[in-house]
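Here the structure is laid out as structure tokens; the discussion comes afterwards.
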Amino acid sequence: MIDSRDYEEFSRFLRDCCGLVLGDSRQYLVSSRLSRLLEEFSFESVPELLRAMRQSPNPRLRTRVIDAMTTNETSWFRDGFPFEILRHVLLPELSARGGSIKVWSAACSSGQEAYSISMVVSEWEESRPPRKVPVSILGTDLSEQVLEDARRAVYDGLSIVRGLSEARRARFFEEVADGHRVIPEVQRRCRFQKLNLVDRYTALGKFDLVFCRNVLIYFSADTKRQVLDGIARQMNPGGYLFLGASETAGPYSDAFETVRTEYGSVLRVKS
Ligand SMILES: C[S@@+](CC[C@H](N)C(=O)[O-])C[C@H]1O[C@@H](n2cnc3c(N)ncnc32)[C@H](O)[C@@H]1O
């Protein structure tokens, strides 16, 4: 059992290091998420693990604890409409501005979001040959485990079917011994790096399009404010932002305005 003092201390640790808010009385969640780590690091109980973290900072253990506490749920073409807007509205508009298009998939989990964006770019290019637009996609996440999966770009039978049509699977994947690998044409535009959204990210440069989806829901109001304003600073004038279907910017930041299209809505940074 995790007593309330340990629980509060662990909640504070998670909130301070990565913005994640556990909420009240979710001791069961902590126990179940950390149970495999207890075995691996030979701890008898969660309180013992917490004591070890308190007494001697072990970066590897700390990283593994954070990895275990993140929710990495994702799928291909999640929610559909952002990718329709991308293909029919944003790619034509951003490419008409000239130069390259820089995209950031913030909190990219195991890469499905970044690769879905890249597949849409391939489809769009095919629909209007011979024009090719240089598009680079940066995927970032806090969890090293999911970033490893993203870089590997091999998906098993369960994850491959989530959100992917048969036609896209045939066009954009090749069979390998342990699953389905994203083809080089799609991988080529994407790179992945570790980034904590509560840290500073000015070094990333500026983006024309940001996907920051289904991560703000885990943050406090203050962290949402900080992250949205930080993202706004990293966007080129007229840049676009997609949040998750249940997330809004309005109450936390006035840096964005809503743009409605026939495929759904997207946020645009105010000039
Ligand atoms: C639910 S997944 C969303 C993945 C994808 N964006 C989507 O919508 O399908 C949330 C991701 O946010 C990451 N995450 C949580 N806190 C973070 C933080 N402080 N900085 C960066 N990534 C974070 C988690 O590791 C996880 O991979």
Side-chain angles (χ1 to χ4, degrees), residues 10-23 26 29-30 33-34 37 62-83 85-86 103-120 137-153 155 158-164 190 192-204 207 209-231 234 240-249 252 264 266-267:
F10 186 66
S11 302
R12 221 176 12 255
F13 157 75
L14 268 190
R15 195 195 53 220
D16 292 349
C17 73
C18 49
L20 298 174
V21 175
L22 275 179
R26 304 198 67 196
L29 179 81
V30 176
R33 294 262 175 108
L34 297 183
L37 275 190
R62 190 186 135 107
T63 300
R64 296 294 307 280
V65 167
I66 294 170
D67 269 16
M69 292 308 301
T70 54
T71 302
N72 310 120
E73 170 77 16
T74 190
S75 57
W76 305 99
F77 299 91
R78 189 167 183 177
D79 299 325
F81 77 92
F83 301 92
I85 297 177
L86 174 63
V103 186
W104 178 18
S105 167
C108 63
S109 190
S110 35
Q112 284 88 332
E113 186 171 85
Y115 292 133
S116 297
I117 296 166
S118 186
M119 288 178 216
V120 170
I137 302 160
L138 173 67
T140 64
D141 202 281
L142 172 71
S143 161
E144 291 185 358
Q145 179 59 57
V146 292
L147 286 170
E148 238 173 70
D149 295 341
R151 289 191 191 101
R152 202 165 159 260
Y155 297 89
L158 272 183
S159 47
I160 195 76
V161 291
R162 300 197 55 212
L164 203 63
C190 303
F192 296 93
Q193 97 181 38
K194 184 169 178 174
L195 182 106
N196 186 343
L197 281 169
V198 303
D199 290 342
R200 292 175 62 82
Y201 21 89
T202 40
L204 293 184
F207 296 91
L209 173 59
V210 180
F211 281 63
C212 182
R213 311 195 63 229
N214 305 298
V215 65
L216 292 182
I217 39 169
Y218 301 107
F219 295 158
S220 69
D222 278 348
T223 308
K224 285 182 181 128
R225 257 178 228 117
Q226 180 194 328
V227 169
L228 284 165
D229 287 340
I231 288 174
Q234 295 315 119
Y240 290 95
L241 167 68
F242 284 109
L243 298 180
S246 63
E247 296 165 329
T248 49
Y252 313 106
V266 57
L267 298 171

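Counting starts at 1 for both ligands and their atoms, following the listed order.
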| field | Protein residue, atom and distance nearest to atom 8 (O) of ligand 1, heavy-atom basis | value | N214 ND2, 2.8 Å
| Ring centroid separation for F83 and Y115, is it under 6.0 angstrom? | no
| Do V215 and D141 come close enough that some side-chain heavy atom pair is under 4.5 Å? | no
| atom 10 (C) of ligand 1: which protein heavy atom is closest, and how many Å away? | T71 O, 3.3 Å
| task | Give the contacting part of F211 toward ligand 1: side chain, backbone, both or neither, where contact means a heavy-atom distance below 4.0 Å. | result | neither
| field | ligand 1 contact on L195 by region, counting heavy-atom pairs under 4.0 Å | value | backbone
| request: Could you tell me whether some N/O pair between F219 and ligand 1 is separated by less than 3.5 angstrom? | output: no
| field | For S109, atoms of ligand 1 separated by under 4.0 Å from a heavy atom | value | 4 (C), 27 (O)
| Interfacing atoms of ligand 1 (cut-off 4.0 Å, heavy-atom, L20) | 15 (C), 16 (N)
| message | Can you list everything that forms a side-chain hydrogen bond (donor to acceptor under 3.5 Å, both in side chains) with R33? Sequence neighbours excluded, please. | response | T71
| task | Distance to 0.1 Å, residue and atom name: give those for the protein heavy atom nearest to atom 23 (C) of ligand 1. | result | L142 CB, 3.6 Å
| request: Classify the contact between T74 and ligand 1 as side chain, backbone, both or neither, using a heavy-atom distance cut-off of under 4.0 Å. | output: both
| In terms of atom number and element, which parts of ligand 1 are under 4.0 angstrom from non-hydrogen atoms of R213? | 3 (C), 5 (C), 6 (N), 7 (C), 8 (O)
| request: Give the atoms of ligand 1, by number and element, whose distance to some non-hydrogen atom of E113 is under 4.0 Å. | output: 5 (C), 6 (N), 7 (C), 8 (O)
| Between S109 (side chain) and N72 (backbone), is there a donor-acceptor pair under 3.5 Å? | yes
| Out of F207, F211, W104, which one pairs with F242 under the ring pair (Phe, Tyr, Trp, His ring centres under 6.0 Å) rule? | F211
| remark: Note: heavy atom closest to atom 20 (N) of ligand 1, options V215, L147, L197, D141, belongs to L197
| How about Q193 and L204: do any of their side-chain heavy atoms sit closer than 4.5 Å? | yes
| said: With a 3.5 Å distance limit and no angle check, can you tell me whether E247 reaches the backbone of R213 through a side-chain donor-acceptor pair? | reply: no
| request: Mind checking side-chain hydrogen bond (donor to acceptor under 3.5 Å, both in side chains) for S143 and listing every partner two or more places apart, or none if nothing turns up? | output: D67
| message | Is the contact between R78 and ligand 1 made by the side chain, the backbone, both, or neither, using heavy atoms and a 4.0 Å cut-off? | response | side chain
| R15 side chain to L20 main-chain N or O, any donor-acceptor pair under 3.5 Å? | no
| Which atoms of ligand 1 have any heavy atom of S143 under 4.0 Å away? | 25 (O)
| Heavy-atom proximity to atom 4 (C) of ligand 1, best of G163, A107, S105, G19 | A107
| Where ligand 1 meets T70 - atom numbers and elements under 4.0 angstrom, heavy-atom basis | 24 (C), 25 (O)
| field | Side-chain H-bond candidate by donor/acceptor type, T74 with Q112, under 3.5 Å | value | no
